[in-house]
Amino acid sequence: MNVAAQSLWLIPALPLAAAGIGALTPRGGRMLAAGSAITALFASLVLSCLALNTALANPAVHAVHNFAWFDLGAGAVRLGWLLDPLTAFMCVMVTLVGLLIFIFSLGYMKEDANFTRFFCFLSLFAAAMLGLLVANSLLLLFICWELVGLASYLLIGFWFHKPSAAAAAKKAFITTRIGDLGFLLGILWLYDARGTLLFFDGGAGILEHASLAALSGQTVCCGLAAATAIGLLVFCGAIGKSGQFPLHVWLPDAMEGPTPVSALIHAATMVAAGVFLIARVYPLMEADKLLTAVPVHALTVVAFIGAITALLGAVIAVGQNDIKRILAFSTVSQLGYMMLALGVGSWVAAIFHLLTHAFFKALLFLGAGSVIHAAHHEQDIRRLGGLRGSMKTTFATFAIGMMALAGVPFLFSGFWSKEAILHAAHALDGSPALRSFGVVGQLPLAIGLAGVVLTAFYMTRLVAETFFGSARTAEAGDVHENSAVMTVPLVLLAVGSVALGFLGTPAFPWLQARLLGEAEVHGHSLLEGGGLMALSIVLVALGLGAGWALYGRRPRAAAAAIDPLAARAPGVVAALADRLGFDELYAATLGRLSDLLAMLAAGLDRWVWGGAVNVLAGLGRALGLISQGTDESVINASFDDAGAGLRGTGQVYSRAQTGDAHGYLRVTAIAFVIIVLIIVLGGIR
């Protein structure tokens with residue numbers, strides 16, 4: 001059985017319907033809300049698998065179904081659905097990982113009074129992300145993009161009674177809107193230039209040859225090609241959604257939401273949207289790669305932003321003590337790796353890492369949630385310790401996720417996807433612009449290698465502090481393994497964290513071939529590029545060894561004991577714990593600038609615009625008084641006097657109108673006599 005492009009709307013529609021059911025379900029209807037959410041997402045998973053089967057039958061074809069949304073002038077705004085291997089793989093990942101997170105939430109949120117509302121928001125989140133994936137229109141993608149932002153706001157601030165959660169939700173929403181403003185400007189520019197926002201439309205789509213040639217051949221300000229400028233504006237949206245520098249500050253604060261929310265945001269949905277967006281519009285992003293006269297290429301900017309973010313996230317993670325924040329900064333770093341891969345010309349390596357990362361990062365966050373739930377909501381790794389004996393399943397699965405993230409060879413998926421990125425950064429086959437920079441063009445690779453060491457180090461620290469040694473607080477000493485509803489998803493995600501990597505090894509790059517639309521798989525020996533792989537393995541070993549030497553060999557004895565790294569470099573660790581002061585820097589610069597602009601706007605409103613309004617109001621009142629005086633003293637008085645005279649005359653004349661016929665005859669007779677006398681006397685004279 002296959003799923004055609006015109007039926008793809010069912011994949012997001014089912015979770016959306018579940019969200020509607022959850023919204024109408026009272027608090028007591030827990031089973032209805034959770035059951036409808038899980039059933040709907042499971043059905044979407046089945047449809048996604050069928051869609052993947054359809055896409056893989058002919059991976060080189062973009063199957064589309066376009067339709068008119070509404071009339072606009074002589075034409076119409078058209079939307080559509082798109083089915084290709086990229087869409088299908090992403091849908092399977094989101095529905096599968098999301099389903100496991102939904103199931104885990106049954107146990108994690110069972111005591112929460114707003115259980116039904118939580119599953120309503122989860123379903124809305126999944127529906128928005130799936131709608132984004134199946135869109136064949138940049139407009140439809142943007143609509144779902146904003147719904148993802150709304151759902152994340154609702155979930156991050158789910159415990160809105162906590163001021164920190166409410167502030168984190170607002171921070172995430174506003175920060176991502178900054179990037180979305182650039183994205184919207186890019187959409188408007190693209191529509192003005194091409195008259196359509198469909199990706200594929202029988203040769204007339206924005207990702208097809210005619211549009212790309214026209215956009216790359218059009219020069220705008222500063223010598224930029226229109227394709228470059230539009231691509232950079234679209235990339236602004238990805239910077240916000242995927243937590244790239246300098247808009248990375250919202251992502252760690254998203255930890256204020258329930259842990260399943262953190263897993264959903266950091267693994268399968270929101271942050272993946274930015275990477276998916278750049279992969280989807282990749283033909284537009286690379287349209288300028290052969291142009292030599294442009295001052296900058298879009299993918300060059302993507303590569304360096306990704307490299308900076310990868311290093312920044314890894315460095316800050318070293319100094320964090322909250323188990324979820326360590327994983328959050330790890331997500332920032334790994335998203336940087338994905339952007340780096342996109343920038344150096346290998347979008348398939350980015351998507352490969354996105355898919356593997358979804359499994360092992362969901363595993364790590366749910367594992368952290370299992371620890372937090374068992375340890376009475378304790379999240380500080382310094383106050384944990386000794387959990388591996390009492391939480392064997394959580395420890396074993398968490399260790400698998402840790403090794404996948406650290407890139408331990410050769411069993412774990414993260415190793416293969418990370419190696420694909422590093423080899424792409426070394427080869428630069430798809431990035432002539434970076435290759436032209438010479439040594440500078442190798443900076444992304446150097447930064448990527450530095451991130452390998454740091455990732456292995458901070459993840460070893462996390463595992464050693466949490467699971468090894470002895471319990472350092474009463475909360476850590478009173479833990480037990482969670483129920484199967486929470487541990488089974490961990491086991492399944494651990495299997496995925498291992499198995500998925502073997503679909504993209506250099507010897508058998510099946511996943512990459514299907515994403516590229518190739519029916520045949522052409523692998524090569526691991527000895528090709530083996531020097532870089534060997535260097536990467538050495539760096540992983542160095543990070544693991546350093547982490548174990550500092551934190552595993554002699555575990556912390558008490559929660560208040562000084563951190564071994566802080567003892568050697570207290571100033572550096574303090575700066576890292578403070579996240580390098582980015583929040584304070586933004587508050588002192590952009591925040592203060594915003595305050596000053598707000599004060600200026602208030603002053604202008606009160607003294608300039610308000611003053612002008614008051615002057616006009618006074619002038620209006622003066623004119624009103626003049627008008628009132630003229631009306632009452634001149635015009636009205638004249639009419640009143642004339643009316644009074646007419647009334648007096650009328651009263652005089654009215655006295656002659658008695659209605660007495662005899663009186664009228666007497667008057668007539670007298671008048672007749674007088675007239676006769678006048679005539680007679682006049683005749684005598």
Side-chain angles (χ1 to χ4, degrees), residues 12 15-16 19-20 22-23 79 90 94 97-98 101 117-135 137-160 164-188 197 233-258 260-281 309 328 331-332 335 338-339 354 358 586:
L16 185 61
L79 305 179
M90 289 293 295
V94 170
V97 175
I101 293 172
R117 179 162 59 89
F118 182 75
F119 274 91
C120 170
F121 292 166
L122 283 184
S123 294
L124 177 63
F125 206 169
M129 185 65 191
L130 291 168
L132 183 155
L133 297 177
V134 302
S137 164
L138 198 57
L139 176 60
L140 179 57
L141 188 151
F142 185 73
I143 292 170
C144 295
W145 182 275
E146 292 304 309
L147 286 174
V148 167
L150 169 64
S152 68
Y153 170 79
L154 295 172
L155 285 169
I156 294 170
F158 182 76
W159 288 324
F160 55 84
S164 58
K170 183 172 68 174
K171 182 178 182 180
F173 190 80
I174 294 174
T175 304
T176 53
R177 294 291 79 68
I178 295 172
D180 290 354
L181 176 60
F183 187 11
L184 179 59
L185 291 174
I187 291 174
L188 295 175
L197 292 173
L233 287 172
V234 172
F235 180 53
C236 288
I239 288 175
K241 272 290 190 293
S242 290
Q244 298 296 287
F245 173 84
L247 299 181
H248 65 283
V249 291
W250 72 267
L251 197 51
D253 288 339
M255 299 301 96
E256 292 295 336
V261 173
S262 303
L264 199 59
I265 289 177
H266 285 252
T269 54
M270 187 170 179
V271 298
V275 178
F276 171 80
L277 171 65
I278 302 304
R280 171 56 72 204
V281 301
T309 306
T331 300
V332 172
L335 290 167
M338 298 173 207
M339 289 297 180
L354 174 62
Y586 288 171

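Note that the coordinates shown come from a computational prediction; the quantities given were computed from them, not determined experimentally.
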Hey, could you give me the [atom1]/[atom2] distance between [X] and [Y], rounded to the nearest 0.5 Å?
{"X": "Met90", "Y": "Arg280", "atom1": "CE", "atom2": "CZ", "answer": "9.5 Å"}
{"X": "Ile265", "Y": "Lys241", "atom1": "CD1", "atom2": "NZ", "answer": "10.5 Å"}
{"X": "Phe121", "Y": "Leu155", "atom1": "CZ", "atom2": "CG", "answer": "7.0 Å"}
{"X": "Cys144", "Y": "Leu139", "atom1": "SG", "atom2": "CG", "answer": "9.5 Å"}
{"X": "Leu147", "Y": "Leu124", "atom1": "CG", "atom2": "CG", "answer": "6.5 Å"}
{"X": "Met338", "Y": "Leu354", "atom1": "CE", "atom2": "CG", "answer": "5.0 Å"}

I want to check something: taking the side chain as every heavy atom from C-beta on, are [X] and [Y] in contact at a cut-off of under 4.5 Å?
{"X": "Met129", "Y": "Met270", "answer": "no"}
{"X": "Phe118", "Y": "Val261", "answer": "yes"}
{"X": "Leu251", "Y": "Leu335", "answer": "yes"}
{"X": "Phe158", "Y": "Pro258", "answer": "yes"}
{"X": "His266", "Y": "Met255", "answer": "yes"}
{"X": "Phe183", "Y": "Leu141", "answer": "yes"}
{"X": "Glu256", "Y": "Lys171", "answer": "no"}
{"X": "Leu130", "Y": "Pro15", "answer": "yes"}

Phe173 and Trp250 aromatic centres sub-6.0 Å: no

Check against side chain to side chain contact (heavy atoms under 4.5 Å, CB included), Leu154 and Phe125: CA-CA 9 Å; Leu154 295 172; Phe125 206 169; over 6 Å; no

Can you tell me if [X] uses its side chain to pair, donor with acceptor, with the backbone of [Y] under 3.5 Å?
{"X": "Thr175", "Y": "Leu247", "answer": "no"}
{"X": "Ser152", "Y": "Gly149", "answer": "yes"}
{"X": "Ser242", "Y": "Gly274", "answer": "yes"}

Side chain to side chain contact (heavy atoms under 4.5 Å, CB included) between Val275 and Met339, worked out: CA-CA 7 Å; Val275 178; Met339 289 297 180; 4.0 Å; yes

Thr269, Leu264, Ile101 screened by side chain to side chain contact (heavy atoms under 4.5 Å, CB included) with Leu122, the one that passes: Leu264

Of all pairs that satisfy salt bridge (Lys or Arg N to Asp or Glu O under 4.0 Å), the ones with a partner from residues 266-278, not counting sequence neighbours: none

Non-hydrogen atoms of [X] and [Y] that approach each other most closely:
{"X": "Gly131", "Y": "Pro12", "answer": "N-CB, 3.5 Å"}
{"X": "Glu146", "Y": "Asp180", "answer": "OE2-OD2, 2.8 Å"}
{"X": "Leu132", "Y": "Ala273", "answer": "CD1-CB, 4.0 Å"}
{"X": "Ala172", "Y": "Ile156", "answer": "CB-CD1, 3.8 Å"}
{"X": "Cys120", "Y": "Ala19", "answer": "SG-O, 3.2 Å"}
{"X": "Val249", "Y": "Pro252", "answer": "O-CD, 3.7 Å"}

CZ (Phe142) with more than 12 external heavy atoms under 6.0 Å: yes

